[in-house]
Amino acid sequence: MDWLVSIAEFLVNEILSQPAYLIGLITAAGLIALKKSAGQVVGGAIKATLGFLLIGAGATLVVGALAPLGEMIQGATGAHGVIPTNEAIVGIAQEQYGARVAWLMILGFAISLLLARFTPLRYVFLTGHHMLFMATLLTMVLAIAGQPSWIVVVVGGVLLGILLVAMPAFAHPWTKRVTGNDSVAIGHFGTAGYIAAGATGQLVGRRSRSTEEMNLPEGLRFLRDSMVATALSMVLIYLIMSLVFLAKVGKEAAFKAFGEDGAAGASGVGDYVMQSVMQGLQFGIAVAVILFGVRTILGELVPAFQGIARKLVPGAVPSLDAPIVFPYAQNAVLIGFISSFIGGLISLGLLAWVFHPAFGLALVLPGLVPHFFTGGAAGVYGNATGGRRGAALGAFVNGVLITFLPALLLKVLGAFGEENTTFGDADFGWFGTLIGYSAKVGDAIGIVLMLLIGAVILLGAIVVQKRVVETGWDPGARRDALMPPVETLSPAAAGSGAEGARVTYAKIAPPRGAPAPPPPPDGDGG
């Protein structure tokens, strides 16, 4: 049996947990189904793989650019506590639960494909590393609760399979609002934060203009370039925090903030300040790399996916990682990151002053990486339904969620709650907490409760799909009607040369330059 475990671990750890490989294989399968030539199959698969590697390279640059800033913030505020980092807690858990995680993930992905094939939830989840993260979380909470190994794999696999098709469905009305089409869905376990951001935008931003329509003075026109605006904003944040950090801890300790990976750190105040500037500029480069990777993969995956969808899951929609929405509102990404981080800081204060003394909740420090990726995506969703106010307040709500939910999750992680890290994104928090407490009830009753939770989520997603997604409900339609009317030439008048106008309404839709799905392959029709 050891060879079966080795094969399963190889498939999960070396292929299925690597989104670049998974996307490349999916793209190749789709192109083969479309009967493309060998050269087109190989080229398309490699290009899609490179697109995801570009996203990963950009993410690595983001992590590197944010690391010294995180140390400065902790030093300047004096806060100590848990820093949510998915990769860290998964790495710790893999040593103890690796085999169970492998089988649970394989079973969960297979169940998700069956559900996509035989239910209205035609979503195929392609974010391999998030599948691994959720499989690890489910293994941990079930095993810690004392459930036997076969229950961990079977029940956990069923729950994972349900989440992989249900969460994209819950978010899809807002995702369609962001992208303007039905070509992709969000496949990322920060979905609760994105839905909350979109709903917040609906409440607060009915007359707020889009973040992409900011009118800048002539002298600030250069800020319309999102890469420039992002880099400049991060330079200012870095400079402010570095000076506060320097004033609080002194030169010797402050200079060490840039001494990661064996580096000597800053050699003087001037070097310290300029290294802060450089880190802000590196952040701007990182975001540009991510956006280019997203455009690359969209150009290859969407048409190729139509081939595999026709064969395996007719009408399927690929569910992709959170940065897939970044190009649709690039200013909103930066606004969302900052607002989410502020929400995390305020929530940390509430934890320290109220919820830690009263309920024993851990102090969850605002990790810059989860706040950037989930906060940035939340800003895009909030902007789609509520413009600038929606982007700011929607992402703020996301920041509150990804601070309090990890604190609640730590209560069901047993000894892993003392590792100074935990899962960071919103869905890990609420779902892990529910399943963790249900599993602790007892063997039989706990299994029933967990499966009941899964059934409720699945049925709820089906209802949303049938009554909300498929009916074409637009979460921003009411806001569109409240925006100032714009007179445009009517089609009839335009065709005849006669004068005539019709009233349309300003709408937050994909901005100029956002990626659009390519035309369907030959034979698909309109």
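Numbering starts at 1 and runs along the sequence shown. Every heavy atom of this structure was used, including side-chain atoms; hydrogens, water molecules and symmetry mates were not.
- The nearest pair of heavy atoms linking Val397 to Ala196 is CG1-CB, 3.9 Å.
- In this structure, the salt bridge (charged side-chain N to carboxylate O under 4.0 Å, His left out) partners of Lys466, at least two apart in sequence or on a different chain, are Glu470.
- Atom OH of Tyr123 is separated from atom CG of Leu320 by 13.0 Å, given to the nearest 0.5 angstrom.
- Applying the side-chain hydrogen bond (donor to acceptor under 3.5 Å, both in side chains) test to residues at least two apart or on different chains, the pairs with a partner in residues 390-402 are Ser340-Asn398, Thr374-Asn398.
- A donor-acceptor contact shorter than 3.5 Å links the side chain of Asn86 to the backbone of Gly424.
- Looking at every heavy atom in both residues, Ala378 comes nearest to Ala395 through CB-CA, 4.0 Å.
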Exercise. Would you sort out whether Leu107 and Trp103 count as a side-chain contact (heavy atoms from CB on, under 4.5 Å), showing the intermediate values?
Key: CA-CA 6 Å; Leu107 178 61; Trp103 286 112; over 6 Å; no
Quiz item: After noting the C-alpha distance and the side-chain angles of Phe125 and His130, does the key distance pass the side-chain contact (heavy atoms from CB on, under 4.5 Å) rule?
Solution: CA-CA 9 Å; Phe125 200 99; His130 261 242; 4.2 Å; yes
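- With rounding to the nearest 0.5 angstrom, the CG atom of Leu104 is 10.5 Å from the CG atom of Leu132.
- Scanning for side chain to side chain donor-acceptor pair (under 3.5 Å) contacts around Asp427 gives Thr191, Trp430, with sequence neighbours left out.
- Using a distance-only test at 3.5 Å, with no hydrogens or angles considered, no donor-acceptor pair links the side chain of Thr127 to the main chain of His188.
- By the salt bridge (charged side-chain N to carboxylate O under 4.0 Å, His left out) test, Lys440 pairs with no residue at all, sequence neighbours left out.
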Expected list for residues 141-165: side-chain donor-acceptor pairs under 3.5 angstrom, two or more places apart:
| from | atom 1 | to | atom 2 | distance (Å) |
| --- | --- | --- | --- | --- |
| Gln147 | NE2 | Ala439 | O | 3.2 |

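- In terms of modelled atom types and a separation under 3.5 Å, the side chain of Gln202 and the main chain of Pro475 share a donor-acceptor contact.
- Contact check for Ser438 versus Ile453: side-chain heavy atoms found under the 4.5 Å cut-off.
- One finds the CG atom of Leu410 at 10.5 Å from the CZ atom of Phe423 (value rounded to the nearest 0.5 Å).
- Between the CE atom in Met450 and the CG atom in Leu434 there is a gap of 12.0 Å [rounded to 0.5 Å].
- Side-chain contact check for Phe404 versus Leu350: some heavy-atom pair is nearer than 4.5 Å.
- Thr403 pairs by the side chain to side chain donor-acceptor pair (under 3.5 Å) definition with nothing, not counting sequence neighbours.
- For the atom pair CD1 of Ile335 and CG of Asn383, the computed distance is 7.5 Å after rounding to the nearest 0.5 Å.
- Taking each heavy atom of Ala322 and Ile186 in turn, the nearest pair found is CA-CD1, 3.7 Å.
- Contact annotation: the side chain of Phe133 never approaches that of Phe189 to less than 4.5 Å [non-hydrogen atoms, C-beta and beyond].
- Classification of the Phe372-Phe283 ring pair by plane angle, with boundaries at 30° and 60°, yields perpendicular.
- Between the CD1 atom in Ile195 and the NE2 atom in His172 there is a gap of 12.0 Å [rounded to 0.5 Å].
- Heavy-atom minimum distance, Leu121 versus Ala169: CD2-CB, 3.7 Å.
- Tyr194 approaches Ala377 most closely through the heavy-atom pair CE2-CB, 3.5 Å.
- Between Phe428 and Leu405, the closest side-chain pair of non-hydrogen atoms is not below 4.5 Å.
- Of all heavy-atom pairs spanning Leu137 and Gly432, the tightest one is CD2-CA, 3.9 Å.
- By the 4.5 Å heavy-atom criterion applied to side chains, Leu113 and Arg117 are not counted as neighbours.
- Taking the six-membered ring where the residue is Trp, Tyr97 and Phe416 present tilted rings, their angle falling between 30° and 60°.
- The backbone N or O of Leu361 sits less than 3.5 Å from a side-chain atom of His356, completing a donor-acceptor pair.
- Looking only at distances, no side-chain donor or acceptor of Ser347 sits under 3.5 Å from a matching main-chain atom of Gly344.
- Tyr437 places none of its side-chain heavy atoms less than 4.5 Å from the side chain of Leu449.
- Between Phe373 and Phe326, the ring-plane angle classifies as parallel under the 30° and 60° cut-offs.
- In this structure the side chain of Thr433 never reaches within 4.5 angstrom of the side chain of Lys411, judged on heavy atoms.
- Side-chain atoms of Pro318 and Val184, non-hydrogen and from C-beta on, do get closer than 4.5 Å to each other.
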